[in-house]
Amino acid sequence: MDGDLAGWPGLPYVLLFLEWEARFPLEWTQHAKAWGTKQSLIRKVARAGQEEAIKAKLTDLVEIVVNRAYRCKDREYVRVARAVHSAELRGRLDRAADSDSPWARRHAGYVLWLLDRPDLPNTRRVWQTWVAGEAAAVL
């Protein structure tokens, strides 16, 4: 699957699996909970080159994920955001960063911050540093 993602027969199922988890997290957890699989699939779709239709679906997934409460392995979606980075994605992230939801503001703000710093790794330590800086800015 690392080559031509668009031509891979399993792609629709990968996207469906990730969309199921993003849109229906409780049902997904009850019936298909597989955090390692989620992480692996997100990394694969972020590495492969995408056609416009796939980029649109991945952009939708990033938007859904940043607008909900954080779930295990959601930080992996930064990889996807970097892979499909566009004005469309930035607009959606900007709206989420300005929303009434504290989850969306924080998550979208972090993704936008990392999009502006492509050489910065997306690690737990970077996340914690960003959160601490965000908190300091509010105080």
Side-chain angles (χ1 to χ4, degrees):
M1 180 173 110
D2 292 332
D4 178 22
L5 181 64
W8 182 58
L11 177 62
Y13 302 106
V14 168
L15 295 174
L16 184 61
F17 180 84
L18 294 174
E19 185 175 8
W20 181 21
E21 191 278 332
R23 291 188 187 274
F24 305 102
L26 297 178
E27 292 83 355
W28 181 88
T29 300
Q30 182 181 5
H31 299 289
K33 180 180 171 184
W35 301 119
T37 300
K38 175 185 173 181
Q39 179 180 28
S40 173
L41 293 175
I42 292 169
R43 287 180 176 188
K44 286 179 181 179
V45 297
R47 272 198 320 262
Q50 299 96 11
E51 293 179 350
E52 287 308 311
I54 299 166
K55 285 184 178 183
K57 181 58 117 178
L58 294 175
T59 298
D60 291 345
L61 284 171
V62 171
E63 180 182 27
I64 292 166
V65 169
V66 300
N67 278 294
R68 68 171 187 194
Y70 181 86
R71 288 177 48 85
C72 186
K73 306 300 181 186
D74 276 356
R75 201 166 34 108
E76 295 293 333
Y77 276 98
V78 169
R79 295 173 189 268
V80 175
R82 284 176 164 169
V84 300
H85 189 185
S86 66
E88 171 72 19
L89 177 62
R90 278 196 169 269
R92 293 182 190 199
L93 292 171
D94 285 337
R95 284 189 294 280
D98 290 336
S99 77
D100 292 335
S101 166
W103 291 106
R105 285 193 310 268
R106 177 165 282 171
H107 202 172
Y110 177 69
V111 174
L112 285 164
W113 186 75
L114 281 179
L115 287 176
D116 291 337
R117 293 158 182 81
D119 295 333
L120 196 61
N122 177 30
T123 63
R124 183 181 308 252
R125 182 180 174 110
V126 169
W127 163 253
Q128 291 168 339
T129 300
W130 183 83
V131 168
E134 181 190 48
V138 172
L139 300 174

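Only heavy atoms go into these numbers, but all of them, side chains included; no hydrogens, no water, no symmetry mates.
The aromatic rings of W28 and W35 sit tilted relative to each other, their planes meeting at an angle between 30° and 60°.
Note that CG of L114 is 11.0 Å distant from CG of D119, once rounded to the nearest 0.5 Å. Atoms CG and CG, on L41 and L15 in that order, are 9.5 Å from each other to the nearest 0.5 Å. Here CD1 of I54 is found 4.5 Å from CG of L11. Values are rounded to the nearest 0.5 Å. Between L26 atom CG and H31 atom NE2 the span is 10.5 Å, to the nearest 0.5 Å. The CD1 atom of I42 sits 12.5 Å away from the NZ atom of K44 when rounded to the nearest 0.5 Å. Here the NZ atom belonging to K55 is positioned 14.0 Å from the CG atom belonging to D60, to the nearest 0.5 angstrom.
Looking at heavy atoms from C-beta onward, D116 lies in side-chain contact with R90 at the 4.5 angstrom threshold. When side chains are defined from C-beta on, P121 counts as touching V126, because their heavy atoms get closer than 4.5 Å. For the pair L115/L93, a side-chain contact is recorded, criterion being any heavy-atom separation below 4.5 Å from C-beta on. Residues L89 and V62 are in side-chain contact: their nearest non-hydrogen atoms beyond the backbone lie under 4.5 Å apart.
Evaluation of the salt bridge (Lys or Arg N to Asp or Glu O under 4.0 Å) rule for D100 yields no partner, not counting sequence neighbours. Remark: R68 pairs with E21, D74 by the side-chain hydrogen bond (donor to acceptor under 3.5 Å, both in side chains) rule, at least two apart or across chains. The side-chain contact (heavy atoms from CB on, under 4.5 Å) check on I64 picks up A22, R23, with sequence neighbours excluded. Considering only residues two or more places apart in sequence or on other chains, T29 meets the side-chain hydrogen bond (donor to acceptor under 3.5 Å, both in side chains) condition with R71. Scanning for side-chain hydrogen bond (donor to acceptor under 3.5 Å, both in side chains) contacts around E27 gives an empty result, with sequence neighbours left out.
K38 contributes a side-chain N or O that, together with a main-chain N or O of C72, makes up a donor-acceptor pair within less than 3.5 Å. Under the 3.5 Å distance criterion, the side-chain polar atoms of S40 are left unmatched by any main-chain donor or acceptor of T37.
Under the 4.5 Å side-chain heavy-atom criterion for ILVMFWY residues, no single connected hydrophobic cluster contains both Y70 and L18. L16 and V45 are not part of a single hydrophobic cluster, where members link through side-chain heavy atoms under 4.5 Å apart. Residue L58 is not grouped with residue Y13 when hydrophobic side chains (ILVMFWY) are merged at heavy-atom distances under 4.5 angstrom, including chains of intermediate members.
Among residues at least two apart or in separate chains, ring-ring contact (aromatic ring centres under 6.0 Å, His included) pairs with a member in residues 76-111 are Y110-W127, Y110-W130.
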_Walk me through whether R79 and E76 qualify under salt bridge (charged side-chain N to carboxylate O under 4.0 Å, His left out)._
CA-CA 6 Å; R79 295 173 189 268; E76 295 293 333; 2.6 Å; yes
After noting the C-alpha distance and the side-chain angles of L61 and V80, does the key distance pass the side-chain contact (heavy atoms from CB on, under 4.5 Å) rule? CA-CA 9 Å; L61 284 171; V80 175; 6.0 Å; no
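Minimum heavy-atom separation, A96 to A108: CB-CB, 3.6 Å. Here the closest heavy-atom approach between residue A83 and residue A46 is recorded as CB-O, 3.2 Å.
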